[in-house]
Amino acid sequence: MTNIFVQAKVWYEDIEMEQMHQRNERLIENKIWKYLLPGIMMSLALQLGNIVDTVFVGNFLGTEAMSAITLVLPMETLI
């Protein structure tokens, strides 16, 4: 009789572990999208700003100023 209870307990714990695993996966996916999407949007905005800066500086100030902008871009990315 106790063997049946032990088997039922093990089966119940397996179900609990599976439910906990599914919940954790769902929470992790939500957190990833919560933090990943703003980062992607920020990167796209920075790159678009860099393209616009390069076009304006290249057209109005010349190639030397454009090369200076290009040299500064990695430092801007770090900041």
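Here the structure is a predicted model, which is why all the values come from computation and not from measurement.
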| message | Quick check for you: to the nearest 0.5 Å, what is the distance between Leu46 atom CG and Ile51 atom CD1? | response | 11.0 Å

| request: Group every Ile, Leu, Val, Met, Phe, Trp and Tyr by side-chain heavy-atom contacts under 4.5 Å, then state whether Val52 and Phe60 land in the same group. | output: yes

| field | Hydrophobic cluster identity match, Ile40 and Ile28, side-chain contacts under 4.5 Å | value | yes

| note | Value for CZ (Arg23) from CZ (Arg26), rounded to nearest 0.5 Å, stands at 8.0 Å

| field | Atom CD of Glu64: over 12 foreign heavy atoms under 6.0 Å | value | no

| task | Quick one: pull up CD in Glu29 and NZ in Lys34 and give me the separation to the nearest 0.5 Å. | result | 15.5 Å

| Nearest heavy-atom pair of Met66 and Val57: which atoms, and what distance? | N-CG1, 3.7 Å

| Quick one: CD1 on Ile32 to CG on Leu37, what's the gap to the nearest 0.5 Å? | 12.5 Å

| query | So if you build clusters from Ile, Leu, Val, Met, Phe, Trp, Tyr with side-chain heavy-atom gaps below 4.5 Å, do Leu61 and Ile69 land together? | reply | yes

